[in-house]
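Encoded as structure tokens, the structure appears first; notes follow it.
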Amino acid sequence: MIASQVIFGQRPSEEKFQISVTIGMPYETGKSPNEWACPVSISPLHKEIRDVHGDGSLQALCLAVSCVYTMLEYFVEDGGKLLYETGEEFPLESTFGRSYR
């Protein structure tokens with residue numbers, strides 16, 4: 001595992017629940033000379049995410065991080081909230097290095 005984060009999600013009119021985000025180590029797939037894959041897990045929001053593939057280890061890793069951001073963003077767009085255990089809002093954009101101009 002390269003990185004992990006435990007946050008909490010809450011859908012309207014539901015209880016807060018734990019979300020475990022994990023990004024694994026990129027690995028060569030052996031399918032083509034430069035194809036790499038990177039494992040991603042966002043449990044329990046998305047139980048079966050396939051490994052994210054890229055042209056090299058850096059691209060696979062960057063795409064995996066982008067995948068996590070996008071999936072969490074969809075959760076928020078569908079009315080969900082992302083929170084720390086304390087109940088404070090989890091800052092999705094700043095956590096992933098994205099800001100609006």
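Here the structure is a predicted model, which is why all the values come from computation and not from measurement.
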Please check if [X] and [Y] belong to a single hydrophobic cluster, counting links between Ile, Leu, Val, Met, Phe, Trp and Tyr side chain heavy atoms closer than 4.5 Å.
X   : Y   : answer
V65 : F90 : yes
M25 : L63 : yes
I49 : W36 : no

If you look at every heavy atom in [X] and [Y], which pair is closest and at what distance?
X   : Y   : answer
C38 : A64 : SG-CB, 3.7 Å
S94 : P91 : OG-CB, 3.1 Å
M1  : S4  : SD-CB, 3.3 Å

Q: Please list, chain by chain and in numerical order, all residues satisfying side chain to side chain donor-acceptor pair (under 3.5 Å) with E77, sequence neighbours excluded.
A: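 In terms of side chain to side chain donor-acceptor pair (under 3.5 Å), with neighbours along the sequence ignored, E77 is linked to no residue.
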(Q) Using the side chain to side chain donor-acceptor pair (under 3.5 Å) criterion, which residues pair with Q5? Sequence neighbours excluded. (A)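 Checked Q5 against side chain to side chain donor-acceptor pair (under 3.5 Å); zero matches.
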What is the distance from atom [atom1] of [X] to atom [atom2] of [Y], rounded to the nearest 0.5 Å?
X   : Y   : atom1 : atom2 : result
I42 : I23 : CD1   : CD1   : 8.0 Å
S66 : E73 : OG    : CD    : 9.0 Å
T95 : L82 : OG1   : CG    : 9.5 Å
L45 : I7  : CG    : CD1   : 7.5 Å
Y69 : E93 : OH    : CD    : 4.5 Å
T29 : H53 : OG1   : NE2   : 6.5 Å

Q: Pick out which of L58, V52, D51, I2 makes a side-chain contact (heavy atoms from CB on, under 4.5 Å) with P26.
A: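 Exactly one option meets the side-chain contact (heavy atoms from CB on, under 4.5 Å) with P26, and it is I2.
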Q | Partners meeting ring-ring contact (aromatic ring centres under 6.0 Å, His included) with F75 (sequence neighbours left out) | A |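 So F75 forms no ring-ring contact (aromatic ring centres under 6.0 Å, His included) with any residue.
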Q: Only counting residues at least two apart or in another chain, list the ones meeting ring-ring contact (aromatic ring centres under 6.0 Å, His included) with Y27.
A: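 With sequence neighbours excluded, Y27 shows a ring-ring contact (aromatic ring centres under 6.0 Å, His included) to no residue whatsoever.
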Identify all side-chain donor-acceptor contacts of residues 11-21 below 3.5 Å with residues at least two apart in sequence or on another chain.
| from | atom 1 | to | atom 2 | distance (Å) |
| --- | --- | --- | --- | --- |
| K16 | NZ | E85 | O | 2.8 |

Q.
The criterion is side chain to side chain contact (heavy atoms under 4.5 Å, CB included); which residues satisfy it with E88, sequence neighbours excluded?
A.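 Applying side chain to side chain contact (heavy atoms under 4.5 Å, CB included) to E88 gives Y84, T86.
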